[in-house]
Protein chains: 2
Amino acid sequence: MIDVLIADDHQLLIDGIKTTLDDVPDINIVAEANNGLQVLKILQSKKIDVIIMDINMPQMDGLDCTKAVCKKYPDTKVVALSQFDEKRFVKKMVKNGASGYLLKDSGKDEIVAAIRKINSGEKYFCERLSINIINRELSTLDSKSLFPQLTDREIEVLKLICKEFSSPEIADSLFISDKTVENHRANLIAKAGVKNTAGLVRWAVENDFVD
Amino acid sequence: MIDVLIADDHQLLIDGIKTTLDDVPDINIVAEANNGLQVLKILQSKKIDVIIMDINMPQMDGLDCTKAVCKKYPDTKVVALSQFDEKRFVKKMVKNGASGYLLKDSGKDEIVAAIRKINSGEKYFCERLSINIINRELSTLDSKSLFPQLTDREIEVLKLICKEFSSPEIADSLFISDKTVENHRANLIAKAGVKNTAGLVRWAVENDFVD
DNA sequence: TTTCGTATAGGGGAAAACCCCTATTTTTTT
DNA sequence: AAAAAAATAGGGGTTTTCCCCTATACGAAA
(Lines give C-alpha, C1' and ligand atoms only; values in the text may rest on other atoms or scores of the structure.)
Protein backbone atom coordinates (compact mmCIF):
# COMPACT_ATOMS: atom_id res chain seq x y z
CA MET A 1 0.00 0.00 0.00
CA ILE A 2 1.37 3.37 -1.03
CA ASP A 3 0.43 6.28 1.23
CA VAL A 4 0.05 9.44 -0.80
CA LEU A 5 -0.27 13.09 0.14
CA ILE A 6 -1.65 15.57 -2.37
CA ALA A 7 -0.51 19.17 -2.09
CA ASP A 8 -2.24 21.73 -4.28
CA ASP A 9 -3.87 25.06 -3.61
CA HIS A 10 -6.80 24.18 -5.89
CA GLN A 11 -9.16 21.95 -3.94
CA LEU A 12 -10.90 20.99 -7.18
CA LEU A 13 -7.74 19.44 -8.46
CA ILE A 14 -7.16 17.54 -5.24
CA ASP A 15 -10.69 16.17 -5.42
CA GLY A 16 -10.14 15.22 -9.03
CA ILE A 17 -7.05 13.21 -8.25
CA LYS A 18 -8.73 11.60 -5.26
CA THR A 19 -11.63 10.49 -7.42
CA THR A 20 -9.29 9.28 -10.11
CA LEU A 21 -7.25 7.18 -7.72
CA ASP A 22 -10.23 5.98 -5.69
CA ASP A 23 -10.36 2.51 -7.16
CA VAL A 24 -6.65 1.88 -7.36
CA PRO A 25 -6.10 -0.81 -4.74
CA ASP A 26 -2.47 -0.19 -3.85
CA ILE A 27 -2.66 3.61 -3.67
CA ASN A 28 -4.12 5.32 -0.66
CA ILE A 29 -4.67 9.07 -0.41
CA VAL A 30 -4.08 9.60 3.29
CA ALA A 31 -3.68 13.36 3.46
CA GLU A 32 -3.99 16.60 1.56
CA ALA A 33 -2.52 20.07 1.90
CA ASN A 34 -3.07 23.43 0.29
CA ASN A 35 0.42 24.78 0.74
CA GLY A 36 3.96 23.79 1.62
CA LEU A 37 3.70 24.60 5.31
CA GLN A 38 0.76 22.24 5.72
CA VAL A 39 2.81 19.52 4.04
CA LEU A 40 5.59 19.89 6.59
CA LYS A 41 3.05 19.89 9.41
CA ILE A 42 1.43 16.68 8.19
CA LEU A 43 4.80 14.97 7.81
CA GLN A 44 5.48 15.53 11.52
CA SER A 45 2.71 13.11 12.47
CA LYS A 46 2.13 10.94 9.40
CA LYS A 47 4.48 8.74 7.46
CA ILE A 48 4.02 9.46 3.74
CA ASP A 49 5.42 7.44 0.82
CA VAL A 50 4.75 9.79 -2.08
CA ILE A 51 3.80 13.45 -2.22
CA ILE A 52 2.10 14.79 -5.31
CA MET A 53 3.32 18.37 -5.13
CA ASP A 54 2.02 21.37 -7.01
CA ILE A 55 4.67 23.95 -7.83
CA ASN A 56 2.53 27.06 -7.43
CA MET A 57 1.20 27.30 -3.93
CA PRO A 58 0.77 30.20 -1.50
CA GLN A 59 2.83 30.62 1.66
CA MET A 60 5.38 27.99 0.75
CA ASP A 61 5.64 26.86 -2.85
CA GLY A 62 6.45 23.43 -4.19
CA LEU A 63 10.07 24.25 -4.89
CA ASP A 64 10.96 25.23 -1.35
CA CYS A 65 8.72 22.58 0.14
CA THR A 66 10.33 19.84 -1.96
CA LYS A 67 13.74 20.95 -0.84
CA ALA A 68 12.68 20.89 2.80
CA VAL A 69 10.93 17.53 2.54
CA CYS A 70 13.78 15.78 0.75
CA LYS A 71 16.21 17.00 3.35
CA LYS A 72 14.17 16.11 6.44
CA TYR A 73 12.40 13.02 5.14
CA PRO A 74 14.64 11.37 2.56
CA ASP A 75 12.37 8.29 2.41
CA THR A 76 9.41 10.35 1.28
CA LYS A 77 9.37 10.75 -2.49
CA VAL A 78 8.07 13.83 -4.27
CA VAL A 79 6.50 14.01 -7.70
CA ALA A 80 6.00 17.48 -9.12
CA LEU A 81 2.61 18.38 -10.55
CA SER A 82 2.39 21.41 -12.74
CA GLN A 83 0.60 22.88 -15.69
CA PHE A 84 3.84 24.12 -17.17
CA ASP A 85 6.24 21.85 -18.92
CA GLU A 86 8.95 24.36 -18.57
CA LYS A 87 12.55 23.32 -18.53
CA ARG A 88 13.29 25.66 -15.67
CA PHE A 89 10.63 24.23 -13.38
CA VAL A 90 11.49 20.66 -14.19
CA LYS A 91 15.16 21.20 -13.60
CA LYS A 92 14.55 23.20 -10.47
CA MET A 93 12.27 20.55 -9.00
CA VAL A 94 14.73 17.77 -9.76
CA LYS A 95 17.49 19.88 -8.33
CA ASN A 96 15.43 20.24 -5.16
CA GLY A 97 14.98 16.50 -4.91
CA ALA A 98 11.81 15.60 -6.82
CA SER A 99 11.73 12.09 -8.26
CA GLY A 100 9.38 12.88 -11.10
CA TYR A 101 7.28 15.38 -12.97
CA LEU A 102 3.66 15.19 -14.07
CA LEU A 103 1.62 17.65 -16.09
CA LYS A 104 -1.80 18.57 -14.76
CA ASP A 105 -3.58 17.17 -17.78
CA SER A 106 -2.03 13.74 -17.33
CA GLY A 107 -4.33 10.76 -17.62
CA LYS A 108 -5.12 8.30 -14.84
CA ASP A 109 -2.74 5.68 -16.17
CA GLU A 110 0.10 8.13 -16.18
CA ILE A 111 -0.50 9.27 -12.61
CA VAL A 112 -0.79 5.72 -11.32
CA ALA A 113 2.33 4.65 -13.19
CA ALA A 114 4.24 7.62 -11.85
CA ILE A 115 3.27 6.96 -8.23
CA ARG A 116 4.20 3.28 -8.46
CA LYS A 117 7.50 3.89 -10.20
CA ILE A 118 8.52 6.65 -7.84
CA ASN A 119 7.50 4.67 -4.76
CA SER A 120 9.76 1.86 -5.89
CA GLY A 121 12.67 4.26 -6.06
CA GLU A 122 12.65 4.93 -9.78
CA LYS A 123 12.21 8.22 -11.58
CA TYR A 124 9.21 9.17 -13.67
CA PHE A 125 8.89 12.02 -16.11
CA CYS A 126 5.73 12.76 -18.02
CA GLU A 127 6.10 11.73 -21.64
CA ARG A 128 4.64 14.98 -22.88
CA LEU A 129 7.29 17.18 -21.36
CA SER A 130 8.08 19.32 -24.38
CA ILE A 131 11.73 18.95 -23.80
CA ASN A 132 11.92 15.22 -24.11
CA ILE A 133 15.62 15.57 -24.67
CA ILE A 134 16.18 16.22 -21.03
CA ASN A 135 14.17 13.16 -20.02
CA ARG A 136 17.14 10.92 -20.41
CA GLU A 137 19.42 13.40 -18.72
CA LEU A 138 17.12 13.68 -15.76
CA SER A 139 16.07 10.07 -15.32
CA THR A 140 19.56 8.67 -15.43
CA LEU A 141 21.13 11.31 -13.27
CA ASP A 142 20.02 12.15 -9.79
CA SER A 143 19.78 15.52 -8.16
CA LYS A 144 23.28 15.35 -6.81
CA SER A 145 25.09 14.60 -10.01
CA LEU A 146 22.86 16.80 -12.15
CA PHE A 147 24.62 19.85 -10.87
CA PRO A 148 27.81 20.13 -8.95
CA GLN A 149 26.85 20.37 -5.32
CA LEU A 150 27.19 23.99 -4.32
CA THR A 151 27.14 24.89 -0.67
CA ASP A 152 24.65 27.41 0.67
CA ARG A 153 27.36 30.00 0.99
CA GLU A 154 28.59 29.40 -2.52
CA ILE A 155 25.09 29.87 -3.90
CA GLU A 156 24.81 33.07 -1.91
CA VAL A 157 28.06 34.37 -3.37
CA LEU A 158 27.16 33.19 -6.86
CA LYS A 159 23.90 35.10 -6.83
CA LEU A 160 25.67 38.28 -5.79
CA ILE A 161 28.25 37.85 -8.53
CA CYS A 162 25.40 37.58 -11.02
CA LYS A 163 23.96 40.78 -9.54
CA GLU A 164 27.18 42.52 -10.59
CA PHE A 165 28.67 42.70 -7.11
CA SER A 166 32.46 42.77 -7.00
CA SER A 167 34.33 40.64 -4.48
CA PRO A 168 34.85 43.55 -2.04
CA GLU A 169 31.17 44.45 -2.33
CA ILE A 170 30.15 40.87 -1.64
CA ALA A 171 32.53 40.79 1.32
CA ASP A 172 30.90 43.89 2.75
CA SER A 173 27.39 42.63 2.32
CA LEU A 174 28.11 39.22 3.85
CA PHE A 175 30.41 40.59 6.58
CA ILE A 176 33.32 38.39 5.57
CA SER A 177 36.78 39.04 4.15
CA ASP A 178 37.19 39.67 0.45
CA LYS A 179 39.75 36.88 0.47
CA THR A 180 37.02 34.50 1.54
CA VAL A 181 34.84 35.72 -1.27
CA GLU A 182 37.66 35.14 -3.73
CA ASN A 183 37.99 31.61 -2.41
CA HIS A 184 34.29 30.99 -2.93
CA ARG A 185 34.54 32.46 -6.40
CA ALA A 186 37.46 30.19 -7.29
CA ASN A 187 35.62 27.15 -5.93
CA LEU A 188 32.52 28.11 -7.92
CA ILE A 189 34.55 28.46 -11.10
CA ALA A 190 36.09 25.06 -10.48
CA LYS A 191 32.78 23.37 -9.65
CA ALA A 192 31.03 24.87 -12.65
CA GLY A 193 33.89 23.75 -14.85
CA VAL A 194 34.38 27.18 -16.37
CA LYS A 195 37.33 29.46 -16.90
CA ASN A 196 36.39 32.80 -15.43
CA THR A 197 33.58 34.88 -13.98
CA ALA A 198 32.01 35.40 -17.40
CA GLY A 199 31.67 31.65 -17.82
CA LEU A 200 30.42 31.30 -14.28
CA VAL A 201 27.64 33.84 -14.80
CA ARG A 202 26.58 32.20 -18.03
CA TRP A 203 26.52 28.82 -16.33
CA ALA A 204 24.52 30.26 -13.43
CA VAL A 205 21.93 31.83 -15.70
CA GLU A 206 21.55 28.70 -17.80
CA ASN A 207 21.19 26.52 -14.72
CA ASP A 208 18.71 28.76 -12.96
CA PHE A 209 20.79 29.95 -10.08
CA VAL A 210 19.64 33.49 -10.74
CA ASP A 211 16.19 34.99 -10.02
CA MET B 1 -10.96 39.57 -45.73
CA ILE B 2 -7.89 38.46 -43.81
CA ASP B 3 -6.08 35.44 -45.24
CA VAL B 4 -4.59 33.37 -42.45
CA LEU B 5 -2.09 30.52 -42.38
CA ILE B 6 -1.86 28.28 -39.33
CA ALA B 7 1.47 26.63 -38.62
CA ASP B 8 1.57 24.03 -35.86
CA ASP B 9 2.85 20.49 -35.66
CA HIS B 10 -0.24 19.37 -33.75
CA GLN B 11 -3.01 18.82 -36.25
CA LEU B 12 -5.54 18.78 -33.43
CA LEU B 13 -4.68 22.34 -32.54
CA ILE B 14 -4.93 23.48 -36.15
CA ASP B 15 -8.35 21.89 -36.41
CA GLY B 16 -9.37 23.56 -33.16
CA ILE B 17 -8.44 27.00 -34.40
CA LYS B 18 -10.11 26.35 -37.75
CA THR B 19 -13.33 25.39 -36.01
CA THR B 20 -13.10 28.36 -33.70
CA LEU B 21 -12.62 30.84 -36.52
CA ASP B 22 -15.11 29.16 -38.85
CA ASP B 23 -17.90 31.65 -38.35
CA VAL B 24 -15.77 34.79 -38.26
CA PRO B 25 -16.72 36.55 -41.48
CA ASP B 26 -13.57 38.58 -42.12
CA ILE B 27 -11.06 35.86 -41.29
CA ASN B 28 -10.28 33.11 -43.76
CA ILE B 29 -8.04 30.16 -43.00
CA VAL B 30 -6.50 29.58 -46.42
CA ALA B 31 -3.61 27.31 -45.56
CA GLU B 32 -2.01 25.21 -42.88
CA ALA B 33 1.48 23.88 -42.25
CA ASN B 34 3.11 21.49 -39.83
CA ASN B 35 6.56 23.01 -39.84
CA GLY B 36 8.51 26.05 -40.90
CA LEU B 37 9.64 24.68 -44.24
CA GLN B 38 6.04 24.10 -45.30
CA VAL B 39 5.26 27.69 -44.38
CA LEU B 40 7.97 29.01 -46.69
CA LYS B 41 6.77 26.70 -49.46
CA ILE B 42 3.19 27.92 -49.17
CA LEU B 43 4.29 31.56 -49.21
CA GLN B 44 5.91 31.03 -52.61
CA SER B 45 2.50 30.52 -54.23
CA LYS B 46 -0.02 32.09 -51.85
CA LYS B 47 -0.30 35.60 -50.49
CA ILE B 48 -0.87 35.43 -46.75
CA ASP B 49 -1.87 38.29 -44.44
CA VAL B 50 -1.33 36.72 -41.04
CA ILE B 51 0.51 33.60 -39.95
CA ILE B 52 -0.37 32.00 -36.64
CA MET B 53 2.96 30.44 -35.84
CA ASP B 54 3.75 27.81 -33.25
CA ILE B 55 7.20 28.09 -31.72
CA ASN B 56 7.92 24.39 -31.32
CA MET B 57 7.87 22.67 -34.66
CA PRO B 58 10.05 19.98 -36.23
CA GLN B 59 12.42 20.63 -39.14
CA MET B 60 12.21 24.41 -38.91
CA ASP B 61 10.88 25.97 -35.74
CA GLY B 62 8.81 29.10 -35.34
CA LEU B 63 11.75 31.26 -34.39
CA ASP B 64 13.77 30.64 -37.52
CA CYS B 65 10.70 30.57 -39.71
CA THR B 66 9.51 33.93 -38.40
CA LYS B 67 12.89 35.45 -39.10
CA ALA B 68 12.85 34.10 -42.65
CA VAL B 69 9.26 35.15 -43.32
CA CYS B 70 9.69 38.69 -42.01
CA LYS B 71 12.75 39.16 -44.15
CA LYS B 72 11.34 37.77 -47.40
CA TYR B 73 7.70 38.83 -47.01
CA PRO B 74 7.57 41.99 -44.91
CA ASP B 75 3.86 42.45 -45.62
CA THR B 76 2.99 39.12 -44.04
CA LYS B 77 2.48 39.47 -40.31
CA VAL B 78 3.33 36.77 -37.81
CA VAL B 79 1.66 36.11 -34.48
CA ALA B 80 3.42 33.65 -32.21
CA LEU B 81 1.37 30.88 -30.66
CA SER B 82 2.84 29.06 -27.73
CA GLN B 83 2.00 27.31 -24.54
CA PHE B 84 4.84 29.03 -22.75
CA ASP B 85 4.60 32.58 -21.55
CA GLU B 86 8.31 32.78 -21.19
CA LYS B 87 10.07 36.08 -21.41
CA ARG B 88 12.80 34.57 -23.51
CA PHE B 89 10.48 33.18 -26.16
CA VAL B 90 8.41 36.32 -26.36
CA LYS B 91 11.46 38.52 -26.72
CA LYS B 92 13.05 36.18 -29.22
CA MET B 93 9.95 36.10 -31.38
CA VAL B 94 9.60 39.87 -31.32
CA LYS B 95 13.27 40.22 -32.11
CA ASN B 96 12.72 37.93 -35.07
CA GLY B 97 9.87 40.08 -36.33
CA ALA B 98 6.66 38.72 -34.81
CA SER B 99 3.88 41.26 -34.35
CA GLY B 100 2.18 39.52 -31.46
CA TYR B 101 2.08 36.65 -29.03
CA LEU B 102 -0.80 34.39 -28.08
CA LEU B 103 -0.96 31.61 -25.52
CA LYS B 104 -2.44 28.30 -26.64
CA ASP B 105 -5.28 28.46 -24.17
CA SER B 106 -6.44 31.83 -25.45
CA GLY B 107 -10.17 32.27 -26.00
CA LYS B 108 -11.82 32.85 -29.35
CA ASP B 109 -12.24 36.57 -28.72
CA GLU B 110 -8.56 36.96 -28.01
CA ILE B 111 -7.47 35.13 -31.15
CA VAL B 112 -9.84 37.10 -33.35
CA ALA B 113 -8.79 40.38 -31.79
CA ALA B 114 -5.16 39.52 -32.24
CA ILE B 115 -5.54 38.64 -35.92
CA ARG B 116 -7.46 41.83 -36.67
CA LYS B 117 -5.10 44.10 -34.78
CA ILE B 118 -2.01 42.56 -36.27
CA ASN B 119 -3.46 42.62 -39.79
CA SER B 120 -4.04 46.35 -39.41
CA GLY B 121 -0.38 46.83 -38.55
CA GLU B 122 -0.71 47.03 -34.78
CA LYS B 123 0.88 44.80 -32.18
CA TYR B 124 -0.99 42.37 -29.97
CA PHE B 125 0.24 40.64 -26.86
CA CYS B 126 -1.83 38.18 -24.89
CA GLU B 127 -3.03 39.75 -21.66
CA ARG B 128 -2.06 36.73 -19.66
CA LEU B 129 1.59 36.86 -20.49
CA SER B 130 3.03 36.48 -17.01
CA ILE B 131 5.42 39.28 -17.62
CA ASN B 132 2.86 41.97 -18.27
CA ILE B 133 5.51 44.51 -17.53
CA ILE B 134 7.11 43.94 -20.85
CA ASN B 135 3.82 44.32 -22.70
CA ARG B 136 4.20 48.04 -22.87
CA GLU B 137 7.84 47.76 -23.78
CA LEU B 138 7.06 45.40 -26.60
CA SER B 139 3.96 47.01 -28.05
CA THR B 140 5.39 50.49 -28.19
CA LEU B 141 8.85 49.56 -29.30
CA ASP B 142 9.70 47.64 -32.42
CA SER B 143 12.22 44.90 -32.84
CA LYS B 144 15.00 47.31 -33.61
CA SER B 145 14.71 49.58 -30.61
CA LEU B 146 13.95 46.76 -28.18
CA PHE B 147 17.62 46.21 -27.65
CA PRO B 148 20.42 48.70 -27.80
CA GLN B 149 21.86 48.62 -31.28
CA LEU B 150 25.09 46.68 -31.10
CA THR B 151 27.47 46.84 -34.02
CA ASP B 152 28.58 43.66 -35.75
CA ARG B 153 31.99 43.90 -34.18
CA GLU B 154 30.52 44.43 -30.74
CA ILE B 155 28.36 41.34 -31.11
CA GLU B 156 31.40 39.41 -32.22
CA VAL B 157 33.33 40.52 -29.14
CA LEU B 158 30.34 39.93 -26.87
CA LYS B 159 29.99 36.33 -28.00
CA LEU B 160 33.65 35.67 -27.35
CA ILE B 161 33.38 37.21 -23.90
CA CYS B 162 30.51 34.83 -23.20
CA LYS B 163 32.70 31.99 -24.42
CA GLU B 164 35.12 32.85 -21.61
CA PHE B 165 37.72 34.52 -23.81
CA SER B 166 39.78 37.19 -22.07
CA SER B 167 40.51 40.47 -23.81
CA PRO B 168 43.98 39.41 -24.98
CA GLU B 169 42.54 36.14 -26.27
CA ILE B 170 39.82 37.99 -28.16
CA ALA B 171 42.44 40.35 -29.55
CA ASP B 172 44.45 37.41 -30.84
CA SER B 173 41.49 35.69 -32.42
CA LEU B 174 40.24 38.85 -34.15
CA PHE B 175 43.72 40.13 -35.05
CA ILE B 176 43.23 43.46 -33.31
CA SER B 177 44.82 45.13 -30.33
CA ASP B 178 43.68 44.20 -26.85
CA LYS B 179 43.09 47.88 -26.27
CA THR B 180 40.49 47.83 -29.01
CA VAL B 181 38.83 44.85 -27.40
CA GLU B 182 38.77 46.72 -24.11
CA ASN B 183 37.06 49.62 -25.86
CA HIS B 184 34.43 47.31 -27.31
CA ARG B 185 33.94 45.73 -23.90
CA ALA B 186 33.45 49.13 -22.27
CA ASN B 187 30.98 50.17 -24.98
CA LEU B 188 29.08 46.91 -24.57
CA ILE B 189 28.85 47.40 -20.81
CA ALA B 190 27.56 50.93 -21.37
CA LYS B 191 25.02 49.91 -24.02
CA ALA B 192 23.73 47.01 -21.96
CA GLY B 193 23.39 49.30 -18.97
CA VAL B 194 25.31 47.00 -16.69
CA LYS B 195 28.21 47.41 -14.31
CA ASN B 196 30.79 44.83 -15.25
CA THR B 197 31.49 41.77 -17.37
CA ALA B 198 29.39 39.57 -15.10
CA GLY B 199 26.36 41.78 -15.74
CA LEU B 200 27.16 41.89 -19.43
CA VAL B 201 27.23 38.11 -19.73
CA ARG B 202 23.98 37.75 -17.86
CA TRP B 203 22.38 40.38 -20.08
CA ALA B 204 23.73 38.63 -23.17
CA VAL B 205 22.37 35.25 -22.12
CA GLU B 206 18.97 36.64 -21.17
CA ASN B 207 18.71 38.54 -24.43
CA ASP B 208 19.81 35.63 -26.57
CA PHE B 209 23.08 36.88 -27.86
CA VAL B 210 24.68 33.57 -27.03
CA ASP B 211 24.24 30.26 -28.88
C1' DT C 1 31.66 68.86 -47.45
C1' DT C 2 31.18 68.31 -42.98
C1' DT C 3 29.50 65.58 -39.52
C1' DC C 4 28.59 61.17 -37.43
C1' DG C 5 29.36 56.46 -36.28
C1' DT C 6 32.48 52.66 -36.30
C1' DA C 7 36.79 50.45 -35.78
C1' DT C 8 41.08 51.02 -34.68
C1' DA C 9 44.88 51.87 -30.99
C1' DG C 10 47.38 53.98 -27.46
C1' DG C 11 48.94 55.98 -22.30
C1' DG C 12 48.47 55.53 -17.59
C1' DG C 13 46.67 54.07 -13.41
C1' DA C 14 43.43 51.92 -9.98
C1' DA C 15 40.72 48.11 -8.98
C1' DA C 16 39.44 43.58 -9.44
C1' DA C 17 40.11 38.99 -10.81
C1' DC C 18 42.90 35.09 -10.90
C1' DC C 19 46.35 31.72 -9.21
C1' DC C 20 49.38 29.64 -6.36
C1' DC C 21 49.81 28.39 -1.56
C1' DT C 22 48.80 27.70 3.97
C1' DA C 23 45.90 27.64 8.02
C1' DT C 24 42.28 27.92 11.67
C1' DT C 25 37.61 27.27 13.23
C1' DT C 26 33.15 25.37 12.87
C1' DT C 27 29.85 22.18 11.32
C1' DT C 28 28.49 17.85 9.61
C1' DT C 29 28.99 13.14 8.94
C1' DT C 30 30.60 8.75 9.92
C1' DA D 1 35.56 10.40 18.94
C1' DA D 2 37.48 10.87 14.58
C1' DA D 3 37.17 12.28 9.93
C1' DA D 4 35.39 15.07 6.36
C1' DA D 5 33.52 19.11 4.59
C1' DA D 6 32.64 23.94 4.83
C1' DA D 7 33.66 28.58 6.04
C1' DT D 8 36.83 31.49 7.33
C1' DA D 9 41.21 34.36 6.19
C1' DG D 10 45.72 35.38 4.90
C1' DG D 11 50.43 36.02 1.88
C1' DG D 12 52.18 37.22 -2.49
C1' DG D 13 52.15 37.64 -7.05
C1' DT D 14 50.40 37.99 -12.11
C1' DT D 15 46.89 39.06 -15.22
C1' DT D 16 42.76 41.18 -16.43
C1' DT D 17 39.33 44.39 -15.97
C1' DC D 18 37.93 48.87 -15.57
C1' DC D 19 38.21 53.86 -16.14
C1' DC D 20 39.92 58.02 -17.42
C1' DC D 21 41.68 60.24 -21.49
C1' DT D 22 43.44 61.15 -26.79
C1' DA D 23 43.74 60.08 -31.60
C1' DT D 24 43.53 58.40 -36.52
C1' DA D 25 41.23 56.29 -40.53
C1' DC D 26 37.20 55.21 -43.06
C1' DG D 27 32.71 55.13 -44.86
C1' DA D 28 28.08 56.72 -44.71
C1' DA D 29 24.78 60.16 -43.98
C1' DA D 30 23.25 64.87 -43.65
Side-chain angles (χ1 to χ4, degrees), chain A residues 67-75 95 97 142-205 209-210, chain B residues 144-145 147-205 209-210:
Chain A
K67 193 187 279 180
V69 167
C70 292
K71 195 172 180 183
K72 276 199 178 176
Y73 310 92
D75 289 339
K95 204 165 65 174
D142 63 7
S143 62
K144 276 150 204 160
S145 57
L146 222 193
F147 301 98
Q149 197 66 19
L150 302 188
T151 67
D152 290 348
R153 202 51 154 176
E154 282 167 349
I155 291 172
E156 212 169 353
V157 171
L158 177 55
K159 287 185 173 177
L160 292 175
I161 289 174
C162 292
K163 283 185 182 164
E164 310 179 27
F165 283 53
S166 69
S167 288
E169 286 169 344
I170 295 170
D172 282 349
S173 81
L174 297 182
F175 304 106
I176 55 179
S177 152
D178 52 346
K179 269 295 187 180
T180 306
V181 177
E182 297 266 307
N183 270 328
H184 287 312
R185 184 193 295 263
N187 291 335
L188 284 163
I189 287 174
K191 284 186 178 179
V194 294
K195 223 189 104 184
N196 53 26
T197 298
L200 181 61
V201 171
R202 182 178 172 181
W203 177 85
V205 173
F209 281 103
V210 287
Chain B
K144 277 150 205 160
S145 57
F147 300 98
Q149 197 64 20
L150 302 188
T151 67
D152 290 348
R153 201 54 153 174
E154 281 167 351
I155 291 173
E156 212 168 354
V157 171
L158 177 56
K159 288 187 172 177
L160 291 175
I161 289 174
C162 292
K163 281 184 183 164
E164 309 179 29
F165 282 56
S166 70
S167 289
E169 286 169 346
I170 295 171
D172 282 349
S173 81
L174 297 182
F175 303 107
I176 55 179
S177 153
D178 53 346
K179 269 297 185 179
T180 305
V181 177
E182 298 261 305
N183 271 326
H184 287 313
R185 185 194 294 263
N187 292 335
L188 283 163
I189 288 175
K191 283 187 180 180
V194 295
K195 223 187 102 185
N196 53 26
T197 297
L200 181 61
V201 171
R202 182 177 172 181
W203 177 85
V205 173
F209 282 103
V210 288

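In the text below, chain A, chain B and the rest are named by the order of the sequence lines, each starting its count at 1.
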Exercise for the section: Search all heavy atoms of A/Ala198 against all heavy atoms of B/Val201 and return the closest pair with its distance. Expected result: O-CG1, 3.3 Å
Handout entry: Whole angstrom value for the distance that separates P of C/dT6 from CD of B/Glu156
Key = 15 Å
Fill in the blank from the handout: In numerical order, the residues of residues 194-201 of chain B whose heavy atoms come under 4.0 Å of DNA chain C are none
Would you be so kind as to tabulate the donor-acceptor pairs closer than 3.5 Å made by side chains of residues 160-167 of chain A, with sequence neighbours excluded?
| from | atom 1 | to | atom 2 | distance (Å) |
| --- | --- | --- | --- | --- |
| A/Glu164 | OE1 | B/Lys195 | N | 2.6 |
| A/Ser166 | OG | A/Glu169 | N | 3.4 |
| A/Ser167 | OG | A/Glu182 | OE2 | 2.8 |
| A/Ser167 | OG | A/Arg185 | NE | 3.3 |
| A/Ser167 | OG | A/Arg185 | NH2 | 2.9 |

Practice task
Walking along DNA chain D from 5' to 3', note the first and the last nucleotide with an atom under 4.0 Å from a heavy atom of chain B, and give both.
Solution key: D/dT16 to D/dC19
Fill in the blank from the handout: Rounded to the nearest 0.5 angstrom, the CG-CZ distance for B/Asn187 and B/Arg153 is 13.5 Å
Handout entry: Nearest-Å distance for atom pair CD1/C1', residues A/Ile170 and C/dA15
Key = 15 Å
Completion exercise
Residue set satisfying side-chain contact (heavy atoms from CB on, under 4.5 Å) with A/Ala171, at least two apart, ordered chain then number -> A/Asp178, A/Val181
Handout entry: Inter-residue atom distance A/Leu158.CG - A/Thr151.OG1, 0.5 Å rounding
Key = 10.5 Å
Practice task
Residues of residues 172-180 of chain A with any non-hydrogen atom less than 4.0 angstrom from an atom of DNA chain D: list those, numerically ordered, please.
Solution key: A/Ile176, A/Ser177, A/Lys179, A/Thr180
Handout entry: A/His184 NE2 to A/Leu174 CG distance, which is reported to the nearest 0.5 Å
Key = 8.0 Å
Handout entry: Gap separating the CG atom of B/Leu150 from the NZ atom of B/Lys159, nearest 0.5 angstrom
Key = 10.5 Å
Exercise for the section: Using five base pairs at each end, measure the axis-to-axis angle across the helix from C/dT1-D/dA30 to C/dT30-D/dA1 and round it to 10 degrees. Expected result: 60°
Exercise for the section: Mind checking the CG-CD1 spacing from B/Asn196 to B/Ile189? Nearest 0.5 Å is all I need. Expected result: 6.5 Å
Exercise for the section: Give the minimum heavy-atom separation between B/Val205 and A/Arg202, together with the two atoms involved. Expected result: CG2-CG, 3.7 Å
Practice task
Could you identify which residues of residues 181-190 of chain B place a heavy atom less than 4.0 Å from some atom of DNA chain C, listed by residue number, or say none?
Solution key: B/Asn183, B/His184
